[in-house]
Chemist: 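Pasting in a structure now, in structure tokens, and then I'll have a few things to ask.
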Amino acid sequence: MAETEDEGFADEKDQIEVDEAISLDSFDSTNSSTKSLSESVHEYIFENGRRYHAYYETDKNMMPTDEKEQDRLDMQHELMLALLDGKLHLSPLVEPQRILDIGCGTGIWAIDTADEYPAAEVIGTDLSPIQPKWVPPNCRFELDDAELPFTFKPNHFDFIHMRNVSQSISDWPNVLSEVYRCTAPGGYVELAESGSDIRCDDRTMAMDDSFKVNVDLVIKALDQIGRPPATDTILRERLEKAGFVDVTVVNTKQPLGPWPKNRRLKILGAMTLMGMEAAIEAHSLATLTRILHMDHEDVNEICRKSLEAARNRGIHMYSFHHVVYGRKPGEDE
Ligand SMILES: C[S@@+](CC[C@H](N)C(=O)[O-])C[C@H]1O[C@@H](n2cnc3c(N)ncnc32)[C@H](O)[C@@H]1O
């Protein structure tokens, strides 16, 4: 039995039941609006075999923006939908007219949302021009740095959505004060983040598990630059401090591999593992080489071992996907 932390296990009734019939062989998923922004928008850095946007500020975005990353984001969108049982958001929206998606990546959420709400205008913003040109007529994209003052009108949007951008933002209070200013009274903001707290309830994950070691290194690096990964508590506090009310937290278990017996969780785990190779590299390469000054070859080795551990069906790891939403009080409140 592997050495593990004694604390932090879920109660037995909350634990994910392991599929005992699963083969313990490793699973190989490969079988199966600003001036300065516009100046730097087509400048790239090629580093450690990946393409990053250069931007006007070093380390603005630590994730690559090449085709491999774009494919990863599109695949991850399907996983995010599956985690929310096919829903694009959990905020209780009623006939929204104006929707904003900040840090929209390839724009896939904004496009799907425009299809879902054909009467709404949906705008996606991002630092990188990686969105398609052919989009629904009620959807458009703008290049924008979320950390600069918003150019949108106050009290404008019925819904503002931000997904998996926690690692990219340095000053959350500032960004969320702008989000609050531009949300219509009674409108909603929703923050969705894949948690980085790696858990295991049956001691199959060792303290020195390579996957966890890698995640902990990335967290250490992000902590150093003041961008700690988001937890549900942090997300709730951010929204409440910004002035949003009725803040609601929904945490969904996300198995890291197809080890659960339950069919839904098994599919979620398999989907997570499928995107793992690209995800591990995207999250680790720039953070560990640029911030912790680790050697590229050493980081490659960490990524390789980390993927090997993730593919080990005998290790029952999971994390949480957090969705936290809140409402801007109405004018009469
Ligand atoms: C991990 S991706 C998530 C993309 C998308 N939200 C999704 O869930 O598919 C993070 C995105 O945030 C963008 N980003 C990072 N910093 C940003 C900033 N300061 N302003 C706007 N977008 C930013 C990146 O360019 C990248 O496309």
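Ligands are counted one by one from 1 in listed order, and the atoms in each one are counted from 1 as well.
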Chemist: Using a strict 4.0 Å cut-off to heavy atoms of D144, name the atoms of ligand 1 that fall inside it.
Modeler: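 Checking each atom against D144, I get 20 (N), 21 (C).
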Chemist: Dump the intermediate steps for side chain to side chain contact (heavy atoms under 4.5 Å, CB included) on D101 and I123, then the final yes or no.
Modeler: CA-CA 6 Å; D101 185 29; I123 301 175; over 6 Å; no
Chemist: Sort out for me which residue in T233, I234, V249 forms a side-chain contact (heavy atoms from CB on, under 4.5 Å) with V324.
Modeler: V249
Chemist: If you draw the axis of the six-membered ring of F320, does the NZ or CZ of K253 fall within 45° of it and under 6.0 Å from the ring centre?
Modeler: no
Chemist: Do D202 and H316 meet the criterion of a side-chain donor-acceptor pair at a distance under 3.5 Å?
Modeler: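 Result is yes, a qualifying pair exists.
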Chemist: Ignoring hydrogens and geometry beyond distance, is a side-chain donor-acceptor pair present between N214 and S306 at under 3.5 Å?
Modeler: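 Judged by distance alone, the side chains do pair up.
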Chemist: Record the part of C104 in heavy-atom contact with ligand 1 below 4.0 Å; permitted values are side chain, backbone, both and neither.
Modeler: backbone
Chemist: Taking a cutoff of less than 4.0 Å between a non-hydrogen atom of the residue and any ligand atom, is I108 in contact with ligand 1?
Modeler: no
Chemist: According to the interplanar angle, ranging from 0 to 90°, do the rings of W109 and F159 count as parallel (below 30°), tilted (30 to 60°) or perpendicular (above 60°)?
Modeler: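 Ring orientation of W109 relative to F159: tilted.
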Chemist: Please identify which atoms of ligand 1 are closer than 4.0 Å to at least one heavy atom of S168.
Modeler: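 Contacts of ligand 1 toward S168, numbered from 1: 15 (C), 16 (N).
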Chemist: Less than 3.5 Å between some nitrogen or oxygen of D145 and one of ligand 1, yes or no?
Modeler: yes
Chemist: For atom 8 (O) of ligand 1, state which one of E142, E193, R163 supplies the nearest heavy atom.
Modeler: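 Comparing heavy atoms across E142, E193, R163, the nearest one to atom 8 (O) of ligand 1 lies in R163.
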Chemist: Does ligand 1 have an atom under 4.0 Å from some heavy atom of D126?
Modeler: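 D126: in contact with ligand 1 (<4.0 Å).
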Chemist: Where the closest heavy atom to atom 4 (C) of ligand 1 is concerned, which of G103, G124, S128, P64 has it?
Modeler: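 Answer by nearest heavy atom: G103.
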Chemist: Could you tell me whether E190 and R163 have a side-chain N and a carboxylate O separated by less than 4.0 Å?
Modeler: no
Chemist: May I ask you to check whether I169 has an N/O atom sitting below 3.5 Å from an N/O atom of ligand 1?
Modeler: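 Not met; the criterion fails.
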Chemist: Examine V165 against ligand 1 and note whether any of their N/O atoms are separated by less than 3.5 Å.
Modeler: no
Chemist: Which bit of D101 is near ligand 1, meaning a heavy atom under 4.0 Å away: side chain, backbone, both or neither?
Modeler: neither
Chemist: Starting at NZ of K212, measure out to CG of D197 and round the result to the nearest 0.5 Å.
Modeler: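 Answer for the NZ-CG pair, K212 versus D197, is 7.0 Å.
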Chemist: With atoms numbered from 1 as shown, which atoms in ligand 1 lie under 4.0 angstrom from a non-hydrogen atom of L127?
Modeler: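 Those atoms are 15 (C), 16 (N), 17 (C), 18 (C), 19 (N), 20 (N), 21 (C), 22 (N), 23 (C).
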Chemist: Number the atoms of ligand 1 from 1 as they appear, then name those within less than 4.0 Å of a heavy atom of N164, with their elements.
Modeler: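 Near N164, meaning under 4.0 Å from one of its heavy atoms, ligand 1 has 1 (C), 2 (S), 3 (C), 10 (C).
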Chemist: Enter the distance from L307:CG to E277:CD here, rounded to the nearest 0.5 Å.
Modeler: 5.5 Å
